[in-house]
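Presented below is the structure to which this report refers.
Here the structure is a predicted model, which means the values were calculated and not measured. Atoms considered below: every heavy atom in the structure, side chains included; atoms not considered: hydrogens, waters and symmetry mates.
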Amino acid sequence: MSVALLLAFSVTANNSLASDQTNSPSAAGALVTSQNLTFVDITTQVGLDFQHTSDVRGEYQLPEIMGSGAALFDYDNDGDLDIYLVNSGDGKSRLFKQRQDGSFADATEQSGLIHPGYGMGTALGDIDNDGDLDIFVTSVGTDHLYRNDGDGTFTDVTTSAGIDGSYWSSSAAFCDIDGDGYLDLYVATYVATDTNETCTNNVGEPDYCPPSTYRGVADQLFLNNGDGTFKNISETSGISLVANSGLGVVCIDFNGDRLSDVLVANDGEPNHLWINRGDNTFAERGLSFGISVNLFGEPEASMGIALGDVDGDLDLDVFMTHIDQESNTLYLSTQADLLIDATIGANLGYTSVPFTGFGTVLFDADHDRDLDLAIANGRVRKAPGRKKLSRAKEGAGEFTSSYGERNLMMENTGTGEYRNACADSNAFCDPVEVSRGLLAGDIDRDGDLDLLVTNSNGPARLYRNQATDRSGEKTAWLQIRAIDPDLNRDAIGAFVHVKADGRWIVRPVIHTMSYLSSTDATVHFGLGDARGVDAVVVVWPDGVQERFPSMSANQLVVIRKGQGMVEAFSEHER
Amino acid sequence: MKHGRIRWAGITIGLMLALAAFVARSNEIPRIDTGDMETRVRVLIEETRKELENNLDAAVAWGQMGMVLHAHDLTDAALLCYVQAIQRDADDYRWLYLAAVAVWGKAPTRSAEYFAKAALLHPHDAAFFIAFADVLTRLGRYEDAHNAYEKARAIDSRSSFAHIGLARLALIRGDVADARSTLERVRDRSPRLNNVHTLLAQAYRRLGERASASRAEWLAKVHNKRLKPHSPVVSAMASLAVNAQAYQRRGAQLADRSDFAGAESAYRQVLIIRVGSSADFMNLATVSWKQGKYAEAFEFFDRGLGLSPDHVGLLSSKGRAHVDVGQFDRAAEMLAKAIDADPNFADASLNSGILRFRQGRFAEAVEHFERALTLDPSLYRVYFDLGRAYADDGKLESAVVALQRLREIEPDNELALNRPGLLQIRLGRYDAAIEVLDEAWVNNPTNTQTTILLARLLASAPDASSRDAPRALAMAMDLYRIRSHDAGLADLLAMAYAANGQFDKAIRLSERAIEIARDKPRLVEEFGTHLDSYRRNKPIYLPSEGVGQLMNLPIEARAENKNPPWP
């Protein structure tokens with residue numbers, strides 16, 4: 001061994017600044033890996049040609065760093081998932097139609113889904129119960145509601161629907177607040193940028209201001225009147241009495257009273273859990289439900305939200321992404337109305353401390369019946385030593401090098417812990433980009449869930465899951481689309497349970513999750529080596545429980561309310 | 001053969017260690033590109049570097065370099081310096097401590113290692129062990145975390161943070177009842193700590209005590225400022241920062257402590273370093289106004305509004321400053337603009353309430369105060385203003401409720417204790433008044449206001465069973481002994497003597513009161529009626545229907561929580 005080599009070794013040994021765990025394959029190599037989570041980047045292959053831009057001009061305007069989201073839905077009802085990608089600034093938002101061969105074609109102009117503003121996020125929902133998905137696009141400025149006309153085109157109905165207001169809205173969610181069968185709209189708003197602020201980092205270099213520099217803005221709630229119009233009940237519902245910097249939103253029943261509640265991820269402030277009182281008013285109860293702050297009583301810079309039953313106890317757990325120096329946080333539901341920060345025990349704490357997480361999904365990536373995690377990362381504070389962003393067009397490249405990070409994928413080991421799965425030939429973790437939106441959906445219709453990532457000032461990326469390519473392994477799956485033929489057509493707020501090999505699995509039916517993003521309401525179950533499910537029980541949003549017969553694996557099944565047997569889902573079965 | 005391998009391996013390792021030590025003692029100072037940095041930061045780094053270059057063998061010089069870099073968030077480079085400092089002085093726990101803090105965001109387990117090494121040096125710093133325990137908790141090393149919290153408690157038995165950490169560990173292991181009792185003890189001692197309420201809310205919820213959970217949740221929203229244990233080592237490091245953001249933070253900290261002159265000084269540094277933003281001007285305007293420097297304050301307000309004409313915070317604060325100087329129309333204009341721009345901005349509602357109160361429009365003031373409290377429960381001291389507004393609007397019962405709310409939030413707030421006493425007197429409920437004032441007196445026997453009120457009531461309550469003339473006399477004598485030139489106290493002592501049947505002394509003290517108050521005709525007249533009564537051997541008793549004019553505290557006292565003068 002040469003002296004030079006010894007010197008090199010000793011420097012590393014004493015002064016290494018490397019993270020304890022990174023998501024690089026080499027670092028994760030020491031961990032127990034199952035090599036199960038394999039994703040490949042098929043963006044170019046399928047012709048998904050989209051470049052996000054947020055008008056980076058070296059002025060460090062906060063919206064530039066927050067990115068834009070996406071929607072994953074079958075807008076033309078031809079049986080496959082299409083993609084809507086939101087853009088900001090000079091860039092145009094784009095609708096990509098999936099062709100039969102799995103490639104994508106830009107259908108923006110033909111569809112009329114031409115969003116004029118500085119776009120942020122999407123909310124999908126069938127607002128008129130006509131069987132197709134309408135889309136709400138949030139913006140810095142005026143939001144827009146586009147009605148799906150059912151013939152592959154959209155009409156901007158913002159004004160006629162009565163969606164008013166101009167603010168910086170982020171994520172939004174459609175759900176049935178008042179139980180009338182029509183989807184209402186919750187819009188999370190971020191901060192007011194009506195001030196002239198410039199910020200610097202701790203050495204005085206220009207950087208994006210933290211949200212605390214600005215005034216939080218009260219969220220908005222619109223009640224669907226059922227006639228194509230909405231009524232703004234933000235004030236009377238109590239929602240607008242608290243102004244915070246909201247980013248992520250999910251809408252689901254958190255306390256078992258069959259009413260849709262709303263969880264809002266607030267950036268740098270306590271999260272809000274708006275409990276629906278049943279009279280179109282809400283009480284904010286995040287603290288006593290345990291989800292406002294982490295185990296240390298600290299509010300965190302919450303960005304995205306993932307929802308799912310992580311520990312298999314048939315209650316919904318919540319995962320939230322945060323800024324670097326904070327960990328992401330897993331809140332496990334232990335009773336109907338109590339969530340406990342279980343991040344540390346699940347090994348999701350310090351692994352995430354070096355990263356700034358935004359979009360996130362809980363999904364069964366490897367079909368082993370438990371929920372794995374994908375997290376889209378990207379800084380909001382400049383990496384040390386990076387130069388000031390220039391005013392030139394090349395600013396986008398500087399932007400990515402200053403703020404880019406690798407994404408993170410964590411596999412649920414089934415033992416209450418997660419392991420870093422970035423080592424598993426996982427292209428999802430490779431690019432160093434400023435990732436923001438993230439969605440899971442079966443884009444190639446092979447039964448497993450693929451991933452769509454949006455990047456701020458970068459390309460959208462599509463990652464194909466190769467779970468079902470593993471011949472002879474435990475790769476069975478089932479997808480269920482629950483439909484209410486009368487009202488709330490996509491059964492938003494329902495819970496679908498399946499029983500496979502004597503064990504129940506539950507998935508919630510929601511459109512909006514993650515960060516600035518929304519997807520169709522099909523639920524996905526990995527079934528391991530089961531040939532099918534013995535039973536399916538749907539708890540519809542109105543509380544009616546309906547049992548459907550056994551189903552074989554590896555298919556997409558559409559089930560309709562009223563066609564099953566109305567039968568209680570007894571506790572002992574769980 | 002095998003032994004030979006071991007020997008060679010040993011020699012190799014020995015060589016490596018020796019070389020490692022040699023390299024660790026190398027004198028390479030981390031290179032920092034200071035090109036885009038603020039001038040002060042660049043100069044400080046360069047000067048510290050020069051100092052270090054002249055003292056490369058000194059641990060302190062390396063540590064100082066590390067702290068300067070660390071204070072400006074250059075943590076990678078700071079860590080390299082700390083490592084060099086550690087190599088040169090392994091007995092100084094500060095470098096290990098700061099290395100642990102610096103590396104947390106990148107390598108949490110490495111952070112714990114540094115902490116552990118520092119702990120072996122037995123630092124007598126509770127904040128160190130709390131930080132260590134927090135890191136261990138985050139790493140899931142609960143047993144070690146427990147020991148570190150216990151160590152912190154051993155160093156400082158009253159450390160709320162150590163107890164909170166132990167309670168958190170109890171929550172993690174499922175011992176919720178234990179967590180609750182620990183947290184309740186901390187809450188009783190430190191009722192303004194935010195995270196004791198957040199954790200209590202969860203503990204109560206897990207125990208099924210929903211009412212208590214709701215109350216804890218409310219108190220967490222009320223006391224929403226999160227405090228951290230004070231660490232002299234980390235504070236010393238942070239104080240080295242000379243960038244604009246650091247001065248801004250310093251200004252905010254000083255303003256929080258009501259050191260407005262100090263805050264102004266820090267905020268002015270910000271303007272020297274960079275072109276001011278609307279927020280920078282608002283900061284300066286606010287601390288100038290708080291010092292009564294209205295001309296400067298208005299200038300800064302206008303400069304801020306020149307940059308951001310719709311800045312709600314600037315509009316609201318400027319409106320408040322106009323209230324102070326009696327420019328009510330200008331104040332109303334500013335505040336209306338602020339509320340129009342954002343109806344949910346609590347501060348604008350609060351300031352509008354103060355304006356209406358000053359204008360004598362008490363019912364409107366109540367509306368604004370109520371709205372401010374709804375929008376932002378952390379403005380809880382507005383409950384005092386609300387009480388005043390209700391009282392002056394003649395709604396004494398509502399005033400009592402408002403003050404009771406304040407007392408719930410701040411059990412030790414003297415205003416919340418003695419003001420309800422005044423209101424009960426106005427309502428003619430003397431027993432209730434005595435009860436609440438007695439509690440206030442027990443809480444703080446040195447509060448002159450409370451003592452005077454209680455002594456008067458004990459001497460002059462209309463119902464004989466409520467009176468305690470000997471106690472009233474003892475209290476009045478104590479007060480008069482300290483302030484014998486005070487006409488009010490002379491009158492009080494006269495009243496107490498009369499209540500005890502000692503009319504000669506009552507007459508003498510009453511005459512003394514009149515003499516002291518000779519320039520104040522209203523008092524002379526009032527004391528004269530008392531003197532007449534004593535000359536007829538009759539004590540003074542309060543009217544059974546209650547008395548008025550007792551809530552005349554200047555509204556500004558709200559924040560300062562000062563005691564009012566005797567009415």
Side-chain angles (χ1 to χ4, degrees), chain A residues 1 3 6-7 9-11 13-15 17-20 192 194-206 213 215 217-218 235 240-243 270 285-290 292-293 295-299 324-325 327 334-335 337-338 340 344-345 347 349-350 353-354 384-385 387-388, chain B residues 12 15-16 19-20 23-24 33 36-38 41 72-74 76 79-80 83 104-110 134 137-140 168 172 194-195 198-199 201-202 204-206 213-214 216-217 220-221 226 241 243-246 273-274 277-279 307-308 310-313 342 344-345 374-375:
Chain A
M1 189 180 286
V3 172
L6 279 172
L7 280 172
F9 171 81
S10 58
V11 169
N14 282 288
N15 299 340
L17 301 177
S19 306
D20 295 327
D194 52 5
T195 59
N196 173 348
E197 303 302 339
T198 52
C199 291
T200 50
N201 62 15
N202 262 351
V203 290
E205 295 164 344
T213 310
R215 197 176 79 253
V217 177
E235 181 82 14
S240 72
L241 291 178
V242 187
R285 302 306 310 275
L287 266 173
S288 64
F289 275 72
S292 274
V293 294
L295 184 66
F296 286 79
E298 300 159 341
D324 63 299
Q325 314 279 321
S327 72
T334 56
Q335 299 163 18
D337 55 1
L338 182 66
I340 291 177
I344 298 165
N347 191 32
Y350 68 89
V353 166
K387 287 290 178 187
K388 183 181 181 229
Chain B
T12 307
L15 259 175
M16 286 172 68
L19 281 165
V23 169
D33 181 358
D36 287 339
M37 293 182 183
E38 285 171 3
V41 180
H72 296 95
D73 270 0
L74 299 164
D76 287 0
L79 184 59
L80 289 171
V83 168
W104 161 252
K106 282 184 180 292
T109 51
R110 173 80 70 86
D134 284 352
T137 305
R138 287 176 202 271
L139 292 172
R168 185 182 302 114
I172 289 171
N194 169 269
N195 57 356
T198 58
L199 290 175
Q202 292 178 32
Y204 287 135
R205 192 89 184 177
R206 286 168 74 170
S214 294
E217 185 176 13
K221 288 177 181 177
R226 280 156 287 276
N243 59 306
Q245 293 291 103
I273 294 170
R274 69 182 183 201
S277 68
S278 43
L307 294 172
S308 304
D310 299 322
H311 193 297
V312 180
D342 186 351
N344 298 313
F345 190 62
T374 303
L375 293 173

- Query: For the candidates B:Asn195, B:Thr374, B:Asp342, B:Asp310, which exhibits the highest count of non-hydrogen atom pairs separated by less than 4.5 Å from chain A?
  - Reply: B:Asp342
- Closest non-hydrogen atoms of A:Val353 and B:Gly105, given as atom of the first, atom of the second and distance, are CG1-O, 3.5 Å
- Message: Please give me the minimum heavy-atom distance between A:Val203 and B:Val41, naming the atom from each residue.
- Response: O-CG2, 3.9 Å
- Message: Can you confirm if the NZ or CZ of B:Arg138 lies within 45° of the ring axis of A:Phe296 and under 6.0 Å from the centre of its six-membered ring?
- Response: yes
- Item | Results of side-chain contact (heavy atoms from CB on, under 4.5 Å) for B:Ala213 - residues two or more places apart only | A:Ser288, B:Tyr204, B:Arg205
- Query: For the candidates B:Ile273, B:Leu375, B:Leu199, which exhibits the highest count of non-hydrogen atom pairs separated by less than 4.5 Å from chain A?
  - Reply: B:Leu375
- Relative to chain A, which segment of B:Asn194 carries a heavy atom at a distance below 4.5 Å: side chain, backbone, both, or neither? side chain
- Message: So B:Ser214 and A:Arg285, do their side chains get closer than 4.5 Å, heavy atoms only?
- Response: yes
- Query: What is the distance from atom CD of A:Glu197 to atom NE2 of B:His311, rounded to the nearest 0.5 Å?
  - Reply: 5.0 Å
- Is there a donor-acceptor pair closer than 3.5 Å between any side-chain N or O of A:Arg215 and the backbone N or O of B:Gly313? no
- CZ of B:Arg110 to OH of A:Tyr350: how many Å apart, nearest 0.5 Å? 14.0 Å
- Message: If you count heavy-atom pairs within less than 4.5 Å of chain B, which of A:Ser240, A:Ala243, A:Gly349 leads?
- Response: A:Ser240
- With a 4.5 angstrom heavy-atom cut-off, which part of B:Ala279 approaches chain A: side chain, backbone, both or neither? both
- Taking the side chain as every heavy atom from C-beta outward, state whether A:Asn201 and B:Asp73 have any pair of such atoms under 4.5 Å apart. no
- Query: If you measure from OG1 on B:Thr137 to CG on A:Leu295, what distance do you get to the nearest 0.5 Å?
  - Reply: 8.0 Å
- Message: I need the minimum non-hydrogen distance between B:Asp36 and A:Glu205, along with the two atoms involved.
- Response: O-CG, 3.5 Å
- Side-chain H-bond candidate by donor/acceptor type, A:Thr334 with B:Arg206, under 3.5 Å: no
- Task: Could you tell me whether the side chain of B:Asn243 reaches within less than 4.5 Å of the side chain of A:Thr200, counting heavy atoms only?
- Result: no
- Should A:Glu298 and B:Arg226 count as an ion pair when the cut-off is N to O under 4.0 Å? no
- Item | Residues in salt bridge (Lys or Arg N to Asp or Glu O under 4.0 Å) contact with B:Glu38, at least two apart in sequence or another chain | none
